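Heads up, the thing below is written out as C-alpha cells.
Just so it is clear, the model here is predicted, and its values are computed rather than measured.
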Amino acid sequence: VSTSGLGLPQATVISSDPDLRRRLRRFLDTTQLNHDSTFGGVAMIAAYNECEEWLRAVVTYIDRNQRLVEEFVDSELDGVRVHAAEATYLAWLDCRDLGLEEAEITRRLIERGGVALYEGSWFGREGEGFLRMNVACARETLERGLEGIRKALG
C-alpha cells in the first residue's frame, strides 16, 4: 500500500519469503529509500482501519467508468476494441484494426481530439498498436476524453 500520491511517502511490503524481505531491506538501506514520513504512517493506519466504505465507493466509481469506456468504444469507434482492466484502473484500447501507425494515431489524438494517451509500445513490443487509458478520473473528464478520441479516430 502506498500513500505517496498524497504527498505522504509511505509504503508497506508484505511477503512471507524471508530471503526476499532481507534483500529488499538491504536494497532500501543502500539506496536510502527507506524513509517513511510520520504523517504517511498515520495516513496508512487510517486507510487500513477507517476507509473501507470509501474504498468500496471508489472501486464502484472506477468500475462504472470502465464500463462507460467499453460501451463508448463499442458504439462509437469502429476498429477499436477495449481490453478491460484486471484489478487496476487502466483500460487498453486495441487500435490495430485501424490500419494506422502508432505515431499517426497519437498525432490525430493530440491534434484533432486534444487527448494524449500512452502508446502501448512504451510498455514493450507486445503493446504496439494499443493505447493505455487511465479511467480513475472524474466522469466529466473521462467523457471529455472519450469525445476527443471519437473526434480523432471515429
Side-chain angles (χ1 to χ4, degrees), residues 1-15 20 23-24 27-28 31-37 39-41 43-44 46-48 50-154:
V1 174
S2 173
T3 58
S4 61
L6 303 172
L8 302 170
Q10 180 75 26
T12 300
V13 176
I14 300 171
S15 172
L20 177 61
R23 288 183 291 132
L24 181 59
F27 172 79
L28 293 173
T31 59
Q32 297 288 304
L33 293 175
N34 57 350
H35 301 287
D36 296 334
S37 78
F39 295 119
M44 184 172 288
Y48 276 122
E50 301 173 29
C51 296
E52 193 170 333
E53 185 178 327
W54 172 86
L55 180 60
R56 272 196 301 272
V58 168
V59 169
T60 298
Y61 192 90
I62 292 170
D63 184 58
R64 288 181 181 150
N65 277 358
Q66 180 71 34
R67 285 195 304 251
L68 173 66
V69 170
E70 292 168 4
E71 291 166 7
F72 185 91
V73 169
D74 286 346
S75 66
E76 300 291 329
L77 298 174
D78 291 335
V80 180
R81 292 175 287 148
V82 177
H83 290 265
E86 294 181 21
T88 184
Y89 50 86
L90 301 171
W92 288 89
L93 307 182
D94 183 347
C95 299
R96 294 175 295 179
D97 290 344
L98 291 175
L100 300 170
E101 295 291 322
E102 198 173 67
E104 175 62 17
I105 292 170
T106 298
R107 186 190 66 74
R108 288 182 184 195
L109 286 170
I110 293 169
E111 292 178 6
R112 296 181 186 178
V115 175
L117 298 175
Y118 285 99
E119 296 174 344
S121 63
W122 287 21
F123 304 96
R125 189 173 56 216
E126 300 86 357
E128 290 177 9
F130 289 81
L131 298 169
R132 188 183 84 166
M133 181 178 193
N134 183 332
V135 302
C137 58
R139 183 100 9 91
E140 179 181 299
T141 302
L142 182 60
E143 289 170 346
R144 202 169 48 244
L146 289 170
E147 274 305 310
I149 293 170
R150 187 187 57 71
K151 287 179 189 174
L153 303 178

Quick one, S121 with E102, criterion side-chain hydrogen bond (donor to acceptor under 3.5 Å, both in side chains). Give me CA distance, side-chain angles, the key distance, then yes/no. CA-CA 8 Å; S121 63; E102 198 173 67; 2.4 Å; yes
Between M133 and Y118, is a side chain to side chain contact (heavy atoms under 4.5 Å, CB included) present by the stated rule, with each step listed? CA-CA 7 Å; M133 181 178 193; Y118 285 99; over 6 Å; no
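- Within 6.0 Å of CG in D78 there are 12 or fewer heavy atoms belonging to other residues, nucleotides or ligands.
- Atom CH2 of W122 is separated from atom CG of L117 by 10.5 Å, given to the nearest 0.5 angstrom.
- Here Y48 contributes atom OH and L55 contributes atom CG; the two are 11.0 Å apart, rounded to the nearest 0.5 Å.
- Within the cation-pi definition used here (under 6.0 Å to the ring centroid, within 45° of the axis), R139 qualifies as a partner of Y61.
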Criterion side chain to side chain contact (heavy atoms under 4.5 Å, CB included) on I105 and L131, from CA distance to verdict: CA-CA 9 Å; I105 292 170; L131 298 169; 3.9 Å; yes
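- The shortest distance between side-chain heavy atoms of R81 and R96 falls below 4.5 Å.
- D97 places no side-chain N or O within 3.5 Å of a backbone atom of V80 that could act as its donor or acceptor partner.
- Across all non-hydrogen atoms, the minimal contact from G113 to A152 is N-CB, 4.1 Å.
- With respect to the salt-bridge test (charged N to carboxylate O, under 4.0 angstrom), the residues R56 and E53 do not qualify.
- The two residues G145 and V115 have their closest heavy-atom pair at O-CG2, 3.6 Å.
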Between V69 and L146, is the side chain to side chain contact (heavy atoms under 4.5 Å, CB included) condition met? List the steps. CA-CA 8 Å; V69 170; L146 289 170; 4.3 Å; yes
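- Note that SG of C95 is 6.0 Å distant from CG of L153, once rounded to the nearest 0.5 Å.
- Taking CD1 of I149 as the start and CZ of R144 as the end, the distance is 12.5 Å to the nearest 0.5 Å.
- Taking 4.5 Å as the limit, some side-chain heavy atom of N134 sits within range of a side-chain heavy atom of L90.
- How far CD of E70 is from CG of L93: 10.5 Å, rounded to the nearest 0.5 Å.
- Using a 4.5 Å cut-off on side-chain heavy atoms (C-beta onward), F123 and F130 make no contact.
- Between E104 and R107 there is a salt bridge, since a side-chain N of the basic residue sits under 4.0 Å from a carboxylate O of the acidic one.
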Under the side chain to side chain contact (heavy atoms under 4.5 Å, CB included) rule, what do E143 and L68 come out as? Steps first, then yes or no, please. CA-CA 9 Å; E143 289 170 346; L68 173 66; 3.9 Å; yes
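- With values rounded to the nearest 0.5 angstrom, N65 atom CG is found 11.0 Å from T60 atom OG1.
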